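Nothing here was measured: the structure is a model prediction, and the numbers come from that model. Worth knowing before you read on, the calculation uses all heavy atoms, side chains too, and leaves out hydrogens, waters and symmetry mates. Numbering starts at 1 and runs along the sequence shown.
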Amino acid sequence: NTTRSRTREQSLELRIADDSGEMFRWSVGGFVYKSEGWSGNPITLDISGIPANLRPGAFAAATNAVIGGVSSAVNLWSVRRADTNSNIPSAYSETEVEQNSLFAQAEFQPIEKLVLRGEVRRTEETRKTDIQYGATNGPLGGRPLTAPFGRFSNTWEYTNYRITADYSLSDTFLIYGSVATGENAGGFNTGATVATDFTFNPETNITYELGVKTSWLDDALLFNGAVFMVDWTDAQINGPPSAGSTSPVNVVRNIGAIESSGFEFDFRYALTDYVSVTGGMSINDAQWGAGSFDTNGGAIIAAGANPLTTGVQGGAVLACSQIAWCRPRITTIPTANPAQVQSAIRLEGLRTVRTADQTWNIAVDAEAPVFGGAWTAFGRVQYSHQGPQLFTINNLIKGGQRDIVNANIGIRNERYTLTAYVDNALDDLSPTNALFNPVLNNFRTVFDPIYTNGRTYGVSLKVDIF
């Protein structure tokens, strides 16, 4: 399959500021952003040689459910093209994002060593998505749509703020603290069949940070460190659809919470005028909070029934029931029907997905003039370590640690840069993620690992023409 896409972005910011005051400085402004784009798969795959019962979508067709207004008796994943024998989606989608913000910030310095800052931003964000399967219209061709799949639009409004205090103990030692809020954009459940499930709202978070910025040995050594805590609410997690839904799949809902805390530091030490060492480390304990559940594969059963002995469980719930540490976490959560509940995995206390508990890196850089100062020779060696990551929210699929070594050496002048490099010198092939693709795995619970690039080396030449 071949994917084509195009995106056009426009942005404009206007800011008015007054920084002439010794004790008080301020600025106000506005920001406008707009993005329009489309993407599609104009080429489908002929699978006529594959037995009908093994083709992707065969199971979905048998369910005869209605997904997004399209009967899965036609096909859950695509509307079959008359001129092909394909069950692989030929899809076309258009997206539009518009964001309008007003912001203000102020800085107050009551005494020489203390600086107080405050920022506030009010944002209105509109997102629109038009998704169609079996389509070859628009930029991809002239054939009309076989059937519409879904058109979604929603507007969210939110206010974020940041408060910071800096205190200088000396010219080389600063202590700071901050409190800030943030948002992760909402979106659409393109497979939902009832209006209440079409959209999910933004995630919100509040971050607390306390740190230091220091310099030592006549600025030869720079060291910064901080402790932090992040509290997420309305986390976006898969959950059961609302009452009246005919969808056999879960939808993204704002039903989770995340708690994260840790510390981090970085440094730079100039060994000589030509050689320096840099590095850093981050320790992060990120866990699901109370009220977070994984409903993947959870059966709908009667209220009060035992999820371990009732219903036909599948997916993550079935896998969890067969693992000793996970089995006690199987529980039930309410559905839109008071007489029914859905089996689920209680996530509270488990690590969040794709977050390593520790990462660190160290690098040596060298740079010196050569050939009478007309050229500069340079080189860098960097070692990066990342602890194991969890690829699913229920912690059932885990990746190993990654150790990456990159190095380069070269020369440059004002116009030319010649570099010899090697990336991933240790040829670490640990997976960086694992994705579940039901179509390509005949609806079996199979996760396909995604790997980083192996050892790569070469020579590059850069020429500045102007």
Between [X] and [Y] (side chain of the first, backbone of the second, donor and acceptor by atom type, cut-off under 3.5 Å), is there such a pair?
| X | Y | result |
| --- | --- | --- |
| Q236 | N201 | yes |
| D357 | G387 | no |
| N160 | R121 | no |
| S153 | K128 | no |
| T155 | T126 | no |
| R327 | S321 | yes |
| T164 | S178 | no |

Do the side chains of [Y] and [X] get nearer than 4.5 Å, heavy atoms only?
| X | Y | value |
| --- | --- | --- |
| I345 | V317 | yes |
| W288 | R346 | no |
| N224 | L222 | no |
| R329 | N394 | no |
| I237 | I393 | yes |
| F265 | M281 | yes |

- Exceeds 12 heavy-atom contacts within 6.0 angstrom, atom CG of D464: yes

- Does atom CD1 of I409 have more than 12 heavy-atom neighbours from other groups under 6.0 Å away? no

Return each pair, listed once, that meets side chain to side chain donor-acceptor pair (under 3.5 Å) where at least one residue sits in [range]; pairs must be two or more places apart or across chains.
| range | answer |
| --- | --- |
| residues 272-284 | S260-N284 |
| residues 409-418 | E367-R412 |
| residues 454-463 | none |

Per the salt bridge (charged side-chain N to carboxylate O under 4.0 Å, His left out) rule, what does the pair list look like for [range], sequence neighbours excluded?
| range | answer |
| --- | --- |
| residues 275-296 | none |
| residues 164-174 | R117-D166 |
| residues 15-27 | E13-R15, R25-E107 |
| residues 368-396 | D365-R380 |

Return yes if a side-chain donor-acceptor contact under 3.5 Å exists between [X] and [Y], otherwise no.
| X | Y | result |
| --- | --- | --- |
| N406 | Y421 | no |
| E203 | N205 | no |
| T204 | T233 | yes |
| T129 | T95 | no |

Name all residues meeting the side-chain hydrogen bond (donor to acceptor under 3.5 Å, both in side chains) criterion together with [X]; count only those two or more places apart in sequence or in a different chain, and write none if there are none.
| X | value |
| --- | --- |
| D234 | none |
| Q322 | none |
| N100 | none |
| E36 | R8 |

- Message: Determine whether Y33 and E125 satisfy the following criterion, side-chain hydrogen bond (donor to acceptor under 3.5 Å, both in side chains), listing intermediate values before the conclusion.
- Response: CA-CA 9 Å; Y33 170 83; E125 182 176 11; over 6 Å; no

- Report the residue from T199, V97, N154 that forms a side-chain contact (heavy atoms from CB on, under 4.5 Å) with R127. V97

- Query: Under the salt bridge (charged side-chain N to carboxylate O under 4.0 Å, His left out) test, which residues partner E157, sequence neighbours left out?
  - Reply: R122

